[in-house]
Amino acid sequence: PYLRSATYKCEDTVFPQCAVDTLNRRKFCKVVNKLGIKRVFFVGDSLQKQQAESLWKLLGMKGDPGHYKWTQRVPCLEGQQGFDITYIRNNHLTEVNPGSDSVSLPWFSDYATYRGKTLLVANTGPHIHSVGQFKRQSFHVFFDMIESFNRIQDIVYFRTSVPGHP
């Protein structure tokens, strides 16, 4: 049902020992269970949403998980614990909306009040246009907030993007 270009799989013939296995629910569940992760939380712009949706589909889940803010349960197989995937749209990772054309839904409370271990994946996408703006409006504010929540059990991953559209 997908275009061939949308289902491309790299097959390295030069270094076959470096082959990458395709992600699937069984493998992902094994890893999140081993790490004790109860939720994978994506916060960021539309690129971040696409990453969350990509994970959703790679795990074999059906349908559209949601739009600007959603949480969906992923059941695991073989007696392992399931986990949640959450996505909240926030272009600047702060709870202050820096402009009328920017979507910045609140997410601090959803993140901080969850009781289980979380893998947090954050990204501003191409909405930041200078290093100064990045440091001032997003990066420092983001990490100061994360530190203040004192969720030392969590894993935090900050994805970077090149500056882009206004």
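Looking only at distances, no side-chain donor or acceptor of Asp154 sits under 3.5 Å from a matching main-chain atom of Leu119. Between the side chain of Arg151 and the backbone N or O of Arg115 there is no donor-acceptor pair closer than 3.5 Å. Of the possible polar contacts, one joining the Arg25 side chain to the Leu59 backbone as a donor-acceptor pair under 3.5 Å is found. In this structure, the side chain of Arg73 engages the main chain of Gly82 through a donor-acceptor pair within 3.5 Å. Of the possible donor and acceptor atoms, none in the side chain of Asn123 sits under 3.5 Å from a partner among the backbone N and O of Gly44. At distances below 3.5 Å, at least one donor-acceptor pair connects side-chain atoms of Thr113 with backbone N or O atoms of Ser109. Under a 3.5 Å cut-off, the side chain of Gln72 and the backbone N or O of Ile85 do not form any donor-acceptor pair. Listed for the Asp144 side chain is no donor-acceptor partner under 3.5 Å among the backbone atoms of Ser148. A side-chain donor-acceptor contact under 3.5 Å links Arg39 to the backbone of Tyr111. Here the side chain of Tyr114 pairs a donor or acceptor atom with the backbone of Lys38 at under 3.5 angstrom.
Nearest heavy atom pair, residue Asn90 against residue Leu105, reads ND2-O, 2.8 Å. Gly63 and Trp56 get closest at one heavy-atom pair: O-NE1, 3.3 Å. Minimum heavy-atom separation, Lys69 to Asp110: NZ-OD1, 3.4 Å.
Gln51 and Arg159 form a side-chain donor-acceptor contact under 3.5 Å, judged by distance and modelled atom types alone.
Applying the 6.0 Å contact sphere to NZ of Lys30 captures no more than 12 heavy atoms from other residues, nucleotides or ligands. Within 6.0 Å of the OH atom in Tyr157, the count of heavy atoms belonging to other residues, nucleotides or ligands does not exceed 12.
With values rounded to the nearest 0.5 angstrom, His140 atom NE2 is found 14.0 Å from Thr94 atom OG1. To the nearest 0.5 Å, atoms CD (Gln48) and CD (Gln50) are separated by 10.0 Å. To the nearest 0.5 angstrom, Asp64 atom CG is 9.0 Å from His67 atom NE2.
Gln17 pairs by the side-chain contact (heavy atoms from CB on, under 4.5 Å) definition with Phe15, not counting sequence neighbours.
One hydrophobic cluster, built from ILVMFWY side chains closer than 4.5 Å, holds both Val74 and Trp70. When hydrophobic clusters are built by joining Ile, Leu, Val, Met, Phe, Trp and Tyr residues whose side-chain heavy atoms come closer than 4.5 Å, directly or via intermediates, Leu55 is not grouped with Tyr68. Under a hydrophobic clustering in which Ile, Leu, Val, Met, Phe, Trp and Tyr are joined whenever their side-chain heavy atoms come within less than 4.5 Å, directly or via other members, Leu47 and Val103 fall into different clusters. Linking ILVMFWY residues whenever their side-chain heavy atoms come closer than 4.5 Å, directly or via other members, leaves Phe149 and Val40 in distinct clusters. When hydrophobic clusters are built by joining Ile, Leu, Val, Met, Phe, Trp and Tyr residues whose side-chain heavy atoms come closer than 4.5 Å, directly or via intermediates, Ile88 is not grouped with Ile155.
Between Met61 and Pro75, some side-chain heavy-atom pair lies under the 4.5 Å cut-off.
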Stepwise side chain to side chain contact (heavy atoms under 4.5 Å, CB included) check, Phe28 with Cys76: CA-CA 9 Å; Phe28 198 80; Cys76 288; over 6 Å; no
Residues Phe83, Thr118; criterion side chain to side chain contact (heavy atoms under 4.5 Å, CB included); working and verdict: CA-CA 10 Å; Phe83 61 96; Thr118 296; over 6 Å; no
Residue pair Val43, Leu120: steps toward the side chain to side chain contact (heavy atoms under 4.5 Å, CB included) verdict: CA-CA 8 Å; Val43 62; Leu120 175 63; 4.0 Å; yes
Test log, rule side chain to side chain contact (heavy atoms under 4.5 Å, CB included), inputs Val31 and Asn33: CA-CA 5 Å; Val31 170; Asn33 275 257; over 6 Å; no
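Among Tyr87, Phe41, Phe42, the single residue meeting the side chain to side chain contact (heavy atoms under 4.5 Å, CB included) criterion with Val121 is Phe42. With Leu93 as the partner, the side chain to side chain contact (heavy atoms under 4.5 Å, CB included) test is satisfied by one option alone out of Val141, Ile146, Thr124: Thr124.
Salt-bridge formation is not detected for the pair Lys57/Glu53: no Lys NZ or Arg NE/NH1/NH2 atom is positioned less than 4.0 Å from an Asp or Glu carboxylate oxygen.
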